[in-house]
Amino acid sequence: MPKISIFLLIIIITSLLTIISTINYWVFPLISPSNRPSDHHYNVGDQVPLFANKVGPLNNPSETYEYFGLPFCPPDLLIRRKKSLGEVLSGDHSTSTRYDIKFLEMKESEILCTKTLGREEVGKFRDAVQRDFYFQMYYDDLPFWGYIGKVEGESLTSDMKGPRFYLFTHVQFNVLYNGNHIIEVHAFSDPNHVVDITEDAESDVKFTYTATWNVTSTQYSNGDEDDREIGWACIDGDVFRCPALLSLFCAVLGSGTQLFLVVCWLFLLFSLGLLEPYVHGTFCTAAVVIYTITSAVAGYTAASFHCQFSETGWERSVLLTGILFMGPILLVLSILNTIAASYGSTAALPFGTIVLLFPIYTFIIALFLALGGIVGRYYSCTKFVPPTKRYVREIPPLTWYRKIQIQMFLGGLLPFSAVLVELHLFYASMWSYKLFTLPSILFLSFSILVCLTTILSVGLTYIQLSVEDPEWWWRSVIRGGSTAIFMFVYCIYFYARSQMNGFMQLCNFLGYNICICYAGFLMLGAVGFRASSWFIYRMNYSVKSE
């Protein structure tokens with residue numbers, strides 16, 4: 001036993017030493033002081049690190065070699081930069097060079113070295129030029145690229161001579177800076193400083209370089225010499241333009257937010273033990289009471305959102321909010337109640353109950369809506385809609401898989417698939433005489449549904465903006481609420497597989513499921529909009545802060 005314990009101890013110590021050495025060799029370079037952006041600030045004349053990384057053919061990005069694999073001018077002491085794990089996996093081999101470019105110091109035709117290239121070295125350069133080799137370097141950890149040479153006369157000339165190969169011997173570094181930090185670096189090869197390396201003969205070469213510094217107002221590197229704005233950059237003045245049918249949009253947002261709160265409050269009451277799903281009638285009573293109280297939230301949401309675009313007309317948005325959901329619901333319930341009364345069913349509401357519910361909706365809910373609207377009008381959050389461009393930008397034509405129908409399918413199918421099993425149990429509990437699911441499991445499925453709707457809304461909105469389509473307001477609502485369409489289709493399938501029959505049962509089944517799916521559309525549509533809105537404002541804030 002002691003020998004086994006000592007053996008295990010040796011294995012553990014060896015493993016720990018291996019892990020520590022691995023972290024020290026590969027991981028620590030990622031967080032070393034030389035790699036922290038906060039340290040990249042310089043004074044005039046400060047030494048700025050410049051490393052040569054690799055060379056390779058332009059059209060073969062995976063084929064790279066060490067920079068000094070070609071006979072450039074190596075420094076007297078070649079120092080290899082300590083590599084992180086990511087740099088090892090990327091094939092980076094950063095080494096020191098002879099270039100001496102200090103912060104804000106101009107260099108004009110500075111001699112790097114003078115050397116005589118042998119026939120073998122000339123052959124290496126000629127092969128690299130023929131294969132269109134580029135070099136990559138890092139200056140203050142900013143990558144830049146340049147060409148090694150050029151080819152003239154790709155085909156045979158009239159005197160049966162082939163193409164000529166030229167090696168660039170002069171590099172012009174153009175460094176852009178802002179204040180005391182470097183923004184971007186470019187390397188340009190001078191076509192007037194070349195050496196003909198077509199023949200296999202020794203050649204005397206003088207390598208030189210120039211460094212120029214130019215101030216810029218840009219605070220980050222765009223990584224591209226083409227300054228044409230694409231994607232988000234060219235539509236940032238259009239994404240915050242007022243959505244079409246503003247009052248209707250505010251009503252959808254207000255009603256959806258209210259319904260989301262109603263569901264959350266019901267789950268909270270279940271978790272606290274204040275609401276028992278098994279006690280007959282308590283669920284419906286709680287839902288009606290909570291919906292009545294949260295009408296203030298609906299009015300506030302509609303009015304505050306409306307006032308971000310217009311100081312007038314918010315009353316119409318609040319009024320439409322009160323009608324958008326309860327109007328169709330009361331119409332469907334009235335039809336179902338009439339059918340039930342014609343059958344003499346106990347499902348028909350008594351006339352006295354209808355008389356009681358009517359003033360509740362007309363006065364109490366309307367009062368809460370109005371109060372919420374007034375608060376939203378005068379005490380809403382700070383106006384955060386950025387300014388928009390004067391003229392509407394033309395939207396480029398979209399491919400078929402980027403259109404709203406396909407995005408609705410994608411935005412609804414995945415959340416629906418994730419909660420399909422629980423949805424079946426929910427329908428079974430509604431249309432039978434016992435419960436097939438628990439509130440805790442139902443809450444878990446609801447959370448998954450909300451999370452997937454949020455993630456997909458953000459992803460699909462990003463895809464839409466990346467193709468320069470700024471009309472995201474209504475699309476975010478429709479994409480988020482499209483899960484309700486799949487729910488309604490499934491309810492028809494559920495009815496076809498069940499033993500339910502008769503006109504009255506069919507009307508009740510379809511009527512109540514229409515109400516549920518309509519509420520789900522508004523609720524998930526509001527979730528989709530909130531997620532997309534948060535993403536866009538965060539992205540806009542990040543761009544502006546840079």
Side-chain angles (χ1 to χ4, degrees), residues 231-261 263-264 297-310 314 317-318 320-321 324 372-373 376-377 379-389 392-393 395 404 407-408 410-412 415 449-484 520-545:
W232 165 264
C234 67
I235 62 173
D236 60 347
D238 293 317
V239 293
F240 301 108
R241 197 179 301 279
C242 179
L245 304 175
L246 177 59
S247 294
L248 179 59
F249 189 88
C250 295
V252 171
L253 184 59
S255 298
T257 304
Q258 178 188 7
L259 291 170
F260 180 78
L261 289 179
V263 174
C264 291
V297 177
Y300 172 85
T301 303
S304 61
F305 186 82
H306 182 103
C307 292
Q308 292 172 13
F309 298 94
S310 175
W314 62 271
S317 296
V318 174
L320 193 57
T321 302
L324 184 65
R377 166 62 180 87
Y379 301 99
S380 61
C381 58
T382 304
K383 188 173 182 178
F384 59 93
V385 176
T388 58
K389 295 180 180 179
V392 180
R393 186 177 184 274
I395 300 176
I404 184 60
Q407 292 192 345
M408 286 177 61
L410 295 175
L449 177 64
V450 172
C451 290
L452 288 177
T453 301
T454 300
I455 295 172
L456 287 173
S457 296
V458 170
L460 292 174
T461 299
Y462 175 77
I463 293 174
Q464 178 184 349
L465 297 182
S466 66
V467 295
E468 303 176 9
D469 182 3
E471 296 182 353
W472 64 277
W473 302 93
W474 278 105
R475 289 196 178 191
S476 63
V477 172
I478 295 174
R479 286 192 298 252
S482 59
T483 304
F521 179 87
L522 294 176
M523 178 180 65
L524 295 177
V527 170
F529 167 76
R530 295 289 187 185
S532 300
S533 176
W534 173 86
F535 167 72
I536 289 176
Y537 286 115
R538 290 298 304 173
M539 186 162 61
N540 177 72
Y541 173 78
S542 300
V543 171
K544 297 303 181 185
S545 62

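Among residues two or more places apart in sequence or in another chain, the side chain to side chain contact (heavy atoms under 4.5 Å, CB included) test is passed with Val450 by Phe260, Phe446, Thr454, Val527. With sequence neighbours left out, the side-chain hydrogen bond (donor to acceptor under 3.5 Å, both in side chains) criterion links Ser532 to Thr461. For Leu456, the side chain to side chain contact (heavy atoms under 4.5 Å, CB included) partners two or more places apart in sequence, or in a different chain, are Leu414, Pro415.
The aromatic rings of Phe529 and Phe305 stand perpendicular to each other, their planes meeting at an angle above 60°, with 30° marking the opposite boundary.
Closest of all the heavy-atom pairs between Met408 and Ser482 is O-OG, 3.0 Å.
Within the model, atoms CD of Gln407 and CZ of Arg475 stand 6.0 Å from one another, a figure rounded to the nearest 0.5 Å. The distance from atom NE2 of His306 to atom CG of Leu320, rounded to the nearest 0.5 Å, is 11.5 Å. Atom CG in Leu465 sits 5.0 Å away from atom CD1 in Ile536 (nearest 0.5 Å). In this structure, OG in Ser457 is found 10.5 Å from CH2 in Trp472, a value given to the nearest 0.5 Å. We find the OG1-CG distance between Thr453 and Leu524 to be 5.0 Å, quoted to the nearest 0.5 Å.
Using a 4.5 Å cut-off on side-chain heavy atoms (C-beta onward), Thr301 and Thr321 make no contact. Side-chain contact between Thr483 and Leu452: absent, with no pair of heavy atoms (C-beta onward) separated by less than 4.5 Å.
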Sequence neighbours left out, cut at 3.5 Å: what donor-acceptor pairs do the side chains of residues 243-254 make with other protein atoms?
unit_1 : atom_1 : unit_2 : atom_2 : d
Ser247 : OG     : Arg316 : NH1    : 3.2
Ser247 : OG     : Ser317 : OG     : 3.3

